[in-house]
Structure formats: structure tokens, C-alpha cells
S.K.: 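There's a structure below that I have some questions on.
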Amino acid sequence: MVDYRVPEQGMTSDLPVPRRALAIGAHPDDAEFGAGGTLAKWTAAGTEATILVLTDGSKGSWDPSLSPSELVGMRMNEQTRAAEALGVESALNLSYVDGELEYTMELRAEVCLWIRRLRPDVVLAHDPWRRYMLHPDHRATGWAAIDGVVAARDHLFFPEQLADGLTHHRPGAVLLWAADEPDHYEDVTGFVEHKVAALLSHSSQATTTMDGAGDSAEATEAFRLEIDDRARMTGAEAGLPRAEAFKRITP
């Protein structure tokens, strides 16, 4: 049994490589932005990783000629390609309407169910405590992930799930990306290019989140340098060449 408990104080870095990991994002591309390098590093070391996306991505475009149904199909295909670029075993989508995700007991139960099914050692997700987080889907997803972890670990939550043959499950650690108060860093040296490749798979988002990356060689290179620079600056906070930062919680 790997010990993921947090030391009493201070910053930490580099969890033991988990056997299984689950990244929970509000939209296609959220997990890649938040933890793409970490997921690529772990899968290269043998981790079975899954990305669980809660919404259908149907509002993620500024193109008035593109219908929501067309966008949904595009973004699901892009998510599959992005997962492949990271070595992630599967990408799942709960298909809630983008921009309309509400935190409900139903949502908590669904997240709990997937944690019990997949039995991850580490869960990664949005930080719901982040101050001034504008996107409501990110907040709702963060709360669902945290509360889903709590529910999954105790057998008296959603006992009907256990009647179907599952057992309760307690992940060893939760890592929250875009954290309000990061205290854990994962060294992603050598894996930033995997993160960039995964993000570029989300070509429908080139205008909205990637400054036109993919539209030209110049824009693509500028985006690659931007992602690398972010990893370099984050790494400097922890004395690492390249890193991603998280808030670390032991359930």
C-alpha cells in the first residue's frame, strides 16, 4: 500500500507513481491544461489513467456558424486524441450541458460511482476553493470531485451502488490544479511536449484558449513556448526544472 499521507508541514513534490489515476475536468481540455504533464509522466511509468469530463463542451466556441451538436462531436473526438497523446487509457464524458452544470446529489453520486468503479489511487480535479474562479462549471466540478471522494470512501453513502457489486474506495490523495494555495509540485521535465501535443489535439479551442495555436507555425510555436514557460516558472517555485502545481489533500 503506497503511503500518500501529507507531511505535517511544508511543500511536497512528486508522489509515488500511482497504479491508477483519475482526472476529473469540467470540459474537454481542462485536465490537459491542469495536469497534462503529470498524467503523461505517470502513464509513461505504468499508471492506468482515466479522464472523466463532466460536460459536453457544447458552448466552447466563438464561431457563430458552428452548432452546439456539431461542437459536441468535435470536442469528444478531440478529447480521445488528447488522451492518446498523454498515454491515458480512456476518456469518459457524462454529457451534462456545458455552462449549465449544477452541483446536485445526482452529480455527486455519479462521480462517487466512477471513483468506486475505477478505484484510483490519486484523483485530480479543479480547486473549488479558488478565489475569483469565474467559470461555474469549474466550481461545480471541483465540489463534485471533492464530495465524490468523501462519498466513495464510506459504505453508507449511496449504498445502492454497493448492492451492484462495487465496494467503497478511498483514494490515497487528491491533487487540485489551478489551486488557490498550491503546496505540491509534480516534476514534468521531459513531458511538457506531451502536454502541448494533447492541448493541440483540441483544435476547436485554438481561438478561445490557445491564442490561435494550430492556425500557423508561428502561433503554434508561440503557444508551445508559453506552456513551457509556465512549467518553468512553476518549477522554479519548487526548485524543479519544469513542474505543475497542485493543492494536495489526503482524504
Side-chain angles (χ1 to χ4, degrees), residues 21 23 25-45 47 49-51 53 55-93 98-99 124 126 134-135 137-138 177-179 182 185-238 240-246:
H27 312 98
D29 82 7
D30 283 342
E32 290 86 333
F33 270 112
T38 299
L39 291 171
K41 178 180 73 169
W42 286 347
T43 60
T47 298
T50 300
I51 295 174
V53 181
T55 77
D56 59 10
S58 58
K59 290 186 175 64
S61 177
W62 295 342
D63 183 353
S65 69
L66 194 62
S67 72
S69 60
E70 290 174 311
L71 187 58
V72 168
M74 291 172 60
R75 298 201 71 185
M76 289 189 177
N77 289 333
E78 290 168 357
Q79 183 64 75
T80 298
R81 294 196 298 271
E84 292 172 353
L86 297 177
V88 169
E89 194 164 283
S90 61
L92 308 170
N93 195 303
D98 187 357
L124 307 97
H126 301 269
L134 293 182
H135 205 303
D137 289 349
H138 290 190
W177 65 69
Y185 295 80
E186 287 291 328
D187 188 346
V188 296
T189 306
F191 293 96
V192 175
E193 291 298 329
H194 296 73
K195 177 172 182 166
V196 171
L199 288 168
L200 290 174
S201 298
H202 295 279
S203 55
S204 68
Q205 305 304 291
T207 301
T208 59
T209 62
M210 295 190 292
D211 299 324
D215 293 344
S216 68
E218 293 78 11
T220 301
E221 177 62 10
F223 178 71
R224 186 192 69 78
L225 291 174
E226 178 185 354
I227 296 300
D228 185 68
D229 197 45
R230 291 182 194 175
R232 180 183 57 79
M233 290 188 294
T234 300
E237 299 171 7
L240 299 169
R242 302 288 189 279
E244 290 175 335
F246 304 91

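Numbering starts at 1 and runs along the sequence shown. Basis for what follows: all heavy atoms, side chains included, without hydrogens, waters or symmetry-related copies.
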S.K.: Could you check whether R224 pairs with E221 (Lys NZ or Arg NE/NH1/NH2 to Asp/Glu carboxylate O, under 4.0 Å)?
M.R.: yes
S.K.: Can you see which heavy atom on F223 is nearest to which on A213, and at what distance?
M.R.: CB-CB, 3.5 Å
S.K.: What's the spacing between L199 CG and L86 CG if we round to 0.5 Å?
M.R.: 8.0 Å
S.K.: So T189 and D187, side chain to side chain donor-acceptor pair (under 3.5 Å) or not? Walk me through it.
M.R.: CA-CA 6 Å; T189 306; D187 188 346; 2.6 Å; yes
S.K.: Which is it for T43 and H194 under the side chain to side chain contact (heavy atoms under 4.5 Å, CB included) test, yes or no, and what are the steps along the way?
M.R.: CA-CA 11 Å; T43 60; H194 296 73; over 6 Å; no
S.K.: Heavy atoms only: give me the nearest F246-G34 pair and the separation to one decimal.
M.R.: CE2-O, 3.7 Å
S.K.: Which heavy atom of A31 sits nearest a heavy atom of A23, and at what distance?
M.R.: CB-CB, 4.0 Å
S.K.: Tell me if a side-chain donor or acceptor on T47 pairs with a main-chain N or O of A49 at a distance below 3.5 Å.
M.R.: no
S.K.: If you look at every heavy atom in Y185 and A245, which pair is closest and at what distance?
M.R.: CE2-CB, 3.6 Å
S.K.: Please check: side-chain N/O of T55 versus main-chain N/O of A26, any donor-acceptor pairing under 3.5 Å?
M.R.: yes
S.K.: Strictly distance-based, threshold 3.5 Å: is any side-chain N or O of T220 a donor or acceptor partner for the main-chain N or O of G214?
M.R.: yes
S.K.: Quick one: does R75's side chain get under 4.5 Å of D29's, heavy atoms only?
M.R.: yes
S.K.: So, taking the atom named CG in D63 and the one named CG in L71, what distance separates them when rounded to the nearest 0.5 Å?
M.R.: 9.0 Å
S.K.: R242 pairs by side chain to side chain contact (heavy atoms under 4.5 Å, CB included) with which of E186, R232, R230?
M.R.: R232
S.K.: Checking the side chain of D56 only, and the main-chain atoms of D98 only, is there a donor and an acceptor separated by less than 3.5 Å?
M.R.: yes
S.K.: Please determine whether side chain to side chain contact (heavy atoms under 4.5 Å, CB included) holds for the pair R81 and H202, giving the CA-CA distance in whole Å, both sets of side-chain angles, and the decisive distance to 0.1 Å.
M.R.: CA-CA 8 Å; R81 294 196 298 271; H202 295 279; over 6 Å; no
S.K.: Are any of the side-chain heavy atoms of D30 and V53 separated by less than 4.5 Å?
M.R.: no
S.K.: Should P28 and M76 count as side-chain neighbours, where that means a heavy-atom distance under 4.5 Å?
M.R.: no
S.K.: Quick one: closest heavy-atom pair of A91 and Q79, and the distance?
M.R.: CB-CG, 3.8 Å
S.K.: Does S216 have any side chain to side chain contact (heavy atoms under 4.5 Å, CB included) partners at least two apart in sequence or in another chain, and if so, which?
M.R.: E218, A219
S.K.: Under 3.5 Å, side chain of D211 to main-chain N/O of A206, donor-acceptor pair present?
M.R.: no
S.K.: Under the 3.5 angstrom rule, does the side chain of E244 hit a backbone N or O of V188 as a donor-acceptor pair?
M.R.: no
S.K.: Between S204 (side chain) and S61 (backbone), is there a donor-acceptor pair under 3.5 Å?
M.R.: no
S.K.: Who are the ring pair (Phe, Tyr, Trp, His ring centres under 6.0 Å) partners of H138, not counting sequence neighbours?
M.R.: H27, H126, H135
S.K.: Would Q205 and T208 satisfy side chain to side chain donor-acceptor pair (under 3.5 Å), going step by step from the backbone distance to the final call?
M.R.: CA-CA 5 Å; Q205 305 304 291; T208 59; 3.1 Å; yes
S.K.: Strictly distance-based, threshold 3.5 Å: is any side-chain N or O of D229 a donor or acceptor partner for the main-chain N or O of L225?
M.R.: no
S.K.: I need the S201 OG to E32 CD distance, nearest 0.5 Å.
M.R.: 8.0 Å
S.K.: Would a 4.5 Å heavy-atom cut-off, applied to side chains only, mark W177 and T38 as touching?
M.R.: no
S.K.: For the atom pair CD (E226) and CE (M210), what is the distance rounded to the nearest 0.5 Å?
M.R.: 11.0 Å
S.K.: Kindly say whether A35 contributes a backbone atom to a donor-acceptor pair with the side chain of K195 at under 3.5 angstrom?
M.R.: no
